[in-house]
There are 2 protein chains.
Amino acid sequence: MNDYSNKHLISINSHPLGRPYVDLIRNHPPRFAVSTRIKCVQCAVRRTGPCSALTTETANELSRIVHRRRIPAGQVLYGGADHQKTFSIIVDGVVKLVNMQPDGGNQIVGLQFPSDFVGRPFADDTGLIAEAATNLDVCAFSGSAFETLMQTHPDLERTIFKRTLDDLDAARRWMFMIARKTAEERVASLLVLIAGKLNGDTADDAASVSDLEFALPLSRTEIAECLGLRLETVSRQFAALKAEGVIATGRRRGIRVCDLTSLAARAQGHAQLMA
Amino acid sequence: MNDYSNKHLISINSHPLGRPYVDLIRNHPPRFAVSTRIKCVQCAVRRTGPCSALTTETANELSRIVHRRRIPAGQVLYGGADHQKTFSIIVDGVVKLVNMQPDGGNQIVGLQFPSDFVGRPFADDTGLIAEAATNLDVCAFSGSAFETLMQTHPDLERTIFKRTLDDLDAARRWMFMIARKTAEERVASLLVLIAGKLNGDTADDAASVSDLEFALPLSRTEIAECLGLRLETVSRQFAALKAEGVIATGRRRGIRVCDLTSLAARAQGHAQLMA
DNA sequence: CGATGACTTGACTGAGTTCAAAAGCTGTGG
DNA sequence: CCACAGCTTTTGAACTCAGTCAAGTCATCG
């Protein structure tokens, strides 16, 4: 047993994801985006990303216009003041889609994880911005080059189309969650979602119960903005889950899911059915 | 002044939309869907529907596989038990997209109006169903024929792609509304949305203030399911808006927006700023 | 007419918000 | 190393908006 406890702590370095989340969490001095050409063969998301669905010919065309970039947390990928149109495929890190309101209250309307596509073809401003929630590794494409490529390669367009349809389904499921669930159910749902995404949705539930720990990519405020709650409410729900041994929290947004089954049950509103 | 009052009534027949909503509201004995071939030139949505964006060649191909149908309120267009895959373009009426939950509480996650495209390419079950909220006139396409046509006609696929992106934006805006607004703001927002859609979003706000009346395509229960509220709450908000002279209600879901400016202000949460 | 279903109204309750204060974490500079 | 500032997060207590339960009204149709 390691030093994770209900009271504190953990060495995040040892979390099972094997991804440099420690790196992502610390507020590095925002360095300039590093742009390099990389080989897709080495890519962490080459099996699950949009590029995996393309013909080799299209994939080659894509790789010709791509730049691998590191993007610091907080940077805007699209939308907002500067409408520099770029498209990205997330290799590592999390992006939040935010509906910014002049009068303060922001609403996070979507999260994008590694292998997700980020961008809005065919429109410049939809009132949304995409912002790096953590430091990011992305494959970035200039807007014009990418849209041109979409025109000439129907398989690319169809791939993005399918992802858009999936995003739409996800948005509607999310909407249900916000509209109908209690605070506990919402928090549990988000934790299940994030835990699943950060594990690549690979682990079957039973097997991964033992040591599902990771660093939350979002602050309490951001979680609240996701769920349509106040940050105090989110904090209280975390405290409740912790008190019941369902989760444990560590330093610096470290979190361990101690009982995924129970957490998933709570996400569905069956807290009382548990032991 | 007609017989619309704060207490009651109106002749819905005379509403300014010029559409057969009276017909839609009465519960006709559900007749079998009438299937006919029609000429697109006569189509009420030929300027705004997806078909308007196609090359004449593609439009001709489309018109070859289309059937105009009347669909009674309550019928499911896709999803649910029978996954008969069809795609439709709404000519008249309103479709609701419902997230059905086994434990009762449904959530309406989207509304589709005349000229909107209804269907889910590339997937059979997404947990959603599309149901006619009113009687419907639609252009219906068999799933296989339509998807084949999409494969061979990129302009068709792109048109649907663009609509999907718009739907996604709309879904996310809606999400914001549900997550952050008060009951009054939600009800006002929905009324503004519906009023706009039923007028084809043509009238500029100021001009149409005088006589914006129409028949609500949704019951109180459905409105509540849209907004993440209970029907009692919706009813109370209607009562409040009526008491303040912002709207007037008529028989059989008839409604008149007496003060669109005030209604829009309330939708934004500025009720107190009004006179 | 009386039955059925949609809508309204009332009284009470409670989950989540709001306001306020304290505690924890992280980085800085002496 | 400690003290401090600027954060985020936690905790507490009072309040409020919308939910819940329960009648009651209205509309439509057989």
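Convention: sequence-line order gives letters A, B, ...; per-chain numbering from 1.
- Closest of all the heavy-atom pairs between L241(B) and E184(B) is CD2-OE2, 4.3 Å.
- Counting all heavy atoms, side chain and backbone alike, R220(B) lies closest to L216(B) at NH1-CD1, 4.0 Å.
- A132(A) approaches P72(A) most closely through the heavy-atom pair CB-O, 3.6 Å.
- We find that CD1 of I223(B) is positioned 8 Å from P of dC7(C), with the value rounded to whole Å.
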- line: Whether each nucleotide of nucleotides 1-9 of chain D has a protein heavy atom under 4.0 Å at its base (B), only at its sugar-phosphate (S) or at neither (-) is summarised, 5' to 3', as --------S
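- Nearest heavy atoms, S189(A) versus K181(A): OG-NZ, 3.4 Å.
- No donor-acceptor contact under 3.5 Å links the side chain of E232(B) to the base of dC7(C).
- Summary of the strand contacts: L229(A) and F238(B) both lie near DNA chain C, and taking for each the nucleotide with the nearest heavy atom, the more 5' one is attributed to F238(B).
- Nearest nucleotide to the A239(B) side chain, out of dT9(C), dT17(C), dA18(D): dT9(C).
- Using a 4.0 Å cut-off between charged side-chain N and carboxylate O, R266(B) and E244(B) make a salt bridge.
- Between L216(B) atom CG and dA6(C) atom P there is a gap of 15 Å when expressed in whole angstrom units.
- For V91(B) against A44(B), the heavy-atom pair with the smallest separation is CG1-CB, 4.2 Å.
- For the pair R180(A) and R236(A), nearest-nucleotide mapping onto DNA chain D gives the more 5' position to R236(A).
- Of the possible polar contacts, one joining the R186(B) side chain to the I178(B) backbone as a donor-acceptor pair under 3.5 Å is found.
- With rounding to whole Å, R251(A) atom CZ is found 6 Å from dT26(C) atom P.
- Between Q237(B) atom CD and dA18(D) atom C1' the separation is 9 Å, expressed in whole Å.
- OP1 or OP2 of dT20(D) sits under 4.0 Å from a side-chain N or O of R230(B).
- The distance between atom NZ of K181(B) and atom P of dA18(D), rounded to the nearest whole Å, is 13 Å.
- Distance CZ (R186(B)) to C1' (dC17(D)): 11 Å, rounded to an integer number of Å.
- Counting distance only, with no hydrogens placed and no angle test, the side-chain atoms of R252(A) and the base atoms of dG24(C) include no donor-acceptor pair under 3.5 Å.
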